[in-house]
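Worksheet for the structure shown next.
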Amino acid sequence: MLIPSSDETASPVEVQEIVTELSDEAKLKQEVIQTLMEPCDHRTYGQRQREAAQKLGVSVRTVRRLVAKWEQEGLAALNQDQRADKGKHRIAPDWQDFILKTYKEGNKGSKRITPAQVAIRVQARAQELGQEDYPSYRTVYRVLQPIIEKQEQTQSVRSRGWRGSRLSVKTRDGKDLSVEYSNHVWQCDHTRADVLLVDRDGQILGRPWFTTVIDTYSRCIVGINLGYDAPSSQVVALALRHAILPKQYGSYYQLHCEWGTYGKPEHFYTDGGKDFRSNHLQQIGVQLGFVCHLRDRPSEGGIVERPFGTFNTELFSMLPGYTGSNVQKRPEEAEKEACLTLRELEQMLVRFIVDKYNQSVDARMGDQSRFQRWEAGLIAVPNLISQRDLDICLMKQTRRSIYRGGYLQFENLTYRGENLAGYAGESVALRYDPRDITTVLVYRTEGDREVFLARAHAQDLETEQLSIDEAKASSRKVREAGKAVSNRSILAEVRDRETFLTQKKTKKERQKAEQGEIRKAKQPVSIEPEPEEVVSHNNEAEPEMPQVWDYEEMCEDYGW
């Protein structure tokens, strides 16, 4: 069961209002608030407040009001109502054109001019025109500020990268993010695994998506997600959930080491894909207390992208159904040899990461393995985040209605939970892990908050583990057989397909076995005469077999 158990009466978590867009100013406020959220003593908190006020250009009292507003409204507090004339300068258009033209003409070719020199030109121009009211230096700088910032961003150098034993990465907003210790900066990315997978019937499903979360300081893989869903904020959230929680695997995975990484990052560094720019991920960052950053250039993603090549050459290429990274050069036997299921590939991936990749020495890490460097680089024991908070922030969500008797319907399965009968007819939110939907979490919206009601379990499937893709495939098979889809019919179909997992046959071997069965069925059946019963006329009784006694048993019984 992949959904962690926790206290059923845990306190509810408020639903934050989803903001459609975060401006640069709102992102700066978000970063300041997250700094103030970090635990510290009273004196340090006061110093942080003063630094935050200086950074935002406001008073300490305004910072306090901003934090209080965020606690009540969430992300909606970060975007304030703006004036209709924001971004417009209350100067004459002629003066604005003169300022911009002077600055651009003064920086053509080898010529250079500063904003202060432009202000002097403005003053001289005002004297020529006989005007006493002209733009001040501050006004000139405000007019030129957008152009100056754009030039600085264009002319900025690449990331400083490694300097000795220290690493720095560059963000899209022009900041150098220095990596100092473990769980300081995490990176995340996706790739399509170059292996064709099948379902339990041997039908090819395609190549799964593989998501990794990597600690930048140690290069240690701290979390993964494997599935058929295309990259999205929900896939990223599931990978983050796996990375944040302590990881425990049963004997089925046959691990020799432990996947000991857990905790949460202070910074989350990714590319500029839609899944990483989503409001969902920004909201998770605010609630859990980390800041999201985008990479300045694609070349900044080497740390998170390099392991994909290692997986391809050292693991995927050794598996049946390997396709290679070039579609045009795909091996002809890829589809014929494909026989691995998603769960089997996940088992191999986990074992490869835990026992080999994280235990290997990185070229930049000296004589420490990646996991050893992660352990040694911790400045404090990572805090365990409430599993219920992670359920609310990171699990997939859908809405359903409660039927009479406390029942729910989801993906053709019937669920029942305790104390749900009293909410019959109401619409509730279901949160679930797509890798195992035999248990879902039920929440009810009360005002602006979501209140946890109960866990609902799929009837007759309490002891099974069923992913959402397997549930859909089972429903399809049951319909094709002309039967009614129910929990019991799906359970029977799942158990019938378990035989495929033990056979481990390739597609070619399965086809050969099927052809053999067909030929056997077409062969004519010859009816042989039954042998005549031979009647024995010997009436002598068979001698009885002598009874044999166990000497050791007799010694114990009679005390010899």
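Counting heavy atoms from C-beta outward, Leu226 and Trp209 have side chains that stay 4.5 Å or more apart. Side chains of Asn412 and Arg479 form a contact here, defined as non-hydrogen atoms less than 4.5 Å apart. Here the side chains of Val213 and Ile224 are not in contact, with every heavy-atom distance at 4.5 Å or above. A heavy-atom distance below 4.5 Å is not found between the side chains of Ile437 and Ser467. Taking the side chain as every heavy atom from C-beta outward, Val198 and Leu340 never approach each other to under 4.5 Å. Side-chain contact check for Leu441 versus Leu430: every heavy-atom pair is 4.5 Å or farther apart. Counting heavy atoms from C-beta outward, Asp189 and Asp271 have side chains that approach closer than 4.5 Å.
In summary, of the residues considered (Tyr217, Phe290, Tyr269), a side-chain contact (heavy atoms from CB on, under 4.5 Å) with Val185 occurs for Tyr269 alone.
For the 3.5 Å distance criterion, the side chains of Glu411 and Tyr432 fail to qualify, holding no donor opposite an acceptor. Counting only N and O atoms by type, the side chains of Arg416 and Thr414 include no donor and acceptor under 3.5 Å apart. In the model, Thr261 has a side-chain atom that pairs as donor or acceptor with a side-chain atom of Trp259 under 3.5 Å. If you check the side chains of Gln254 and Arg351, you find a donor sitting under 3.5 Å from an acceptor. At a cut-off of 3.5 Å, with distance as the only test, no side-chain donor of Trp374 or Asn358 sits close to an acceptor on the other residue. Between the side chains of Gln187 and Thr270, no donor-acceptor pair is found at a separation under 3.5 Å. Side-chain N/O atoms of Asp460 and Asn487 include no donor and acceptor closer than 3.5 Å.
Of the charged side-chain nitrogens involved, none lies within less than 4.0 Å of a carboxylate oxygen, so that Asp296 and Arg172 do not count as a salt-bridged pair. A salt bridge links Glu470 with Arg343: the distance from a Lys NZ or Arg NE/NH1/NH2 to an Asp or Glu carboxylate oxygen falls below 4.0 Å. Using a 4.0 Å cut-off between a side-chain N of Lys or Arg and a carboxylate O of Asp or Glu, Arg400 and Glu426 do not qualify as a salt bridge. Salt-bridge check for Asp433 with Arg241: passed, with a basic side-chain N closer than 4.0 Å to an acidic carboxylate O. Using a cutoff of 4.0 Å between basic side-chain nitrogens and carboxylate oxygens, Glu418 and Arg455 are not scored as salt-bridged. Under 4.0 Å is where a charged nitrogen must lie from a carboxylate oxygen, and between Glu300 and Lys170 no such pair does.
Separating the CG atom in Leu461 from the CG atom in Leu491 is a distance of 5.0 Å, to the nearest 0.5 Å. Taking CE of Met348 as the start and CZ of Phe316 as the end, the distance is 11.0 Å to the nearest 0.5 Å. The structure places CG of Asn312 at 11.0 Å from CZ of Phe210, a figure rounded to the nearest 0.5 Å. Rounding to the nearest 0.5 Å places CD1 of Ile284 at 8.5 Å from CD1 of Ile244. One distance of note links OG1 of Thr398 with CD1 of Ile468; it measures 8.5 Å at 0.5 Å rounding. Going from atom CD of Gln287 over to atom CG of Leu390 covers 10.5 Å, rounded to the nearest 0.5 Å.
Under a 3.5 Å cut-off, the side chain of Gln359 and the backbone N or O of Cys257 do not form any donor-acceptor pair. Using a distance-only test at 3.5 Å, with no hydrogens or angles considered, no donor-acceptor pair links the side chain of Lys247 to the main chain of Gly260. Under a 3.5 Å cut-off, the side chain of Gln372 and the backbone N or O of Ser369 do form a donor-acceptor pair. A donor-acceptor pair under 3.5 Å links the side-chain atoms of Asn183 to the main chain of Tyr262, judged by distance alone. Here the side chain of Ser474 pairs no donor or acceptor atom with the backbone of Ala471 at under 3.5 angstrom. One N or O on the side chain of Arg207 and one on the backbone of Ala193 form a donor-acceptor pair closer than 3.5 Å. Side-chain N or O atoms of Asp199 include one that pairs as donor or acceptor with a backbone N or O of Gln203 at under 3.5 Å. Under the 3.5 Å distance criterion, the side-chain polar atoms of Arg277 are matched with a main-chain donor or acceptor of Gly272.
Checked against ring-ring contact (aromatic ring centres under 6.0 Å, His included), Tyr403 has no partners two or more places apart in sequence or in another chain. Here Tyr322 pairs with nothing under the ring-ring contact (aromatic ring centres under 6.0 Å, His included) rule; sequence neighbours left out. With sequence neighbours excluded, the residues satisfying ring-ring contact (aromatic ring centres under 6.0 Å, His included) with His267 are His184, His293. Checked against ring-ring contact (aromatic ring centres under 6.0 Å, His included), Phe276 has the following partners two or more places apart in sequence or in another chain: His190.
Nearest approach of Val222 to Ile214, heavy atoms of both residues: CG2-N, 4.3 Å. Across Ala456 and Leu408, no two heavy atoms sit closer than the pair CB-CD1, 4.1 Å. The two residues Trp186 and Ala243 come nearest to each other via the heavy atoms CZ3-CB, 3.7 Å. The nearest pair of heavy atoms linking Val478 to Ala484 is CG1-O, 3.7 Å. Here the closest heavy-atom approach between residue Phe352 and residue Glu314 is recorded as CZ-OE1, 3.8 Å.
Aromatic rings of Tyr443 and Phe452 (six-membered ring for Trp) have centroids within the 6.0 Å cut-off, being under it.
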**Request:** List the steps, then state whether side chain to side chain contact (heavy atoms under 4.5 Å, CB included) holds for Asp176 with Val169.
**Result:** CA-CA 6 Å; Asp176 279 323; Val169 293; over 6 Å; no

**Message:** side chain to side chain contact (heavy atoms under 4.5 Å, CB included), that's the test. Do Asp275 and Leu281 meet it? Break it down for me.
**Reply:** CA-CA 8 Å; Asp275 47 339; Leu281 195 59; over 6 Å; no

**Request:** Determine, stepwise, if the pair Arg219 / Ile303 fulfils side chain to side chain contact (heavy atoms under 4.5 Å, CB included).
**Result:** CA-CA 7 Å; Arg219 310 287 184 95; Ile303 291 178; 3.5 Å; yes

**Request:** Would you check, one step at a time, whether the test side chain to side chain contact (heavy atoms under 4.5 Å, CB included) holds for Tyr415 with Tyr407?
**Result:** CA-CA 6 Å; Tyr415 295 79; Tyr407 290 93; over 6 Å; no

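No more than 12 heavy atoms of other residues, nucleotides or ligands shown are found within 6.0 angstrom of CD on Gln248.
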N/O donor to acceptor pairs below 3.5 angstrom from side-chain atoms of residues 304-311, sequence neighbours left out:
from	atom 1	to	atom 2	distance (Å)
Glu305	OE2	Arg295	NH2	3.4
Arg306	NH1	Thr310	OG1	3.3

Would you tabulate the side-chain donor-acceptor contacts of residues 228-238 under 3.5 Å, counting partners in other chains and residues two or more places apart, or write 'none'?
from	atom 1	to	atom 2	distance (Å)
Asp229	OD2	Lys396	NZ	2.8
Ser232	OG	Gln234	N	3.4
Ser232	OG	Val235	N	3.4
Ser233	OG	His280	ND1	3.1

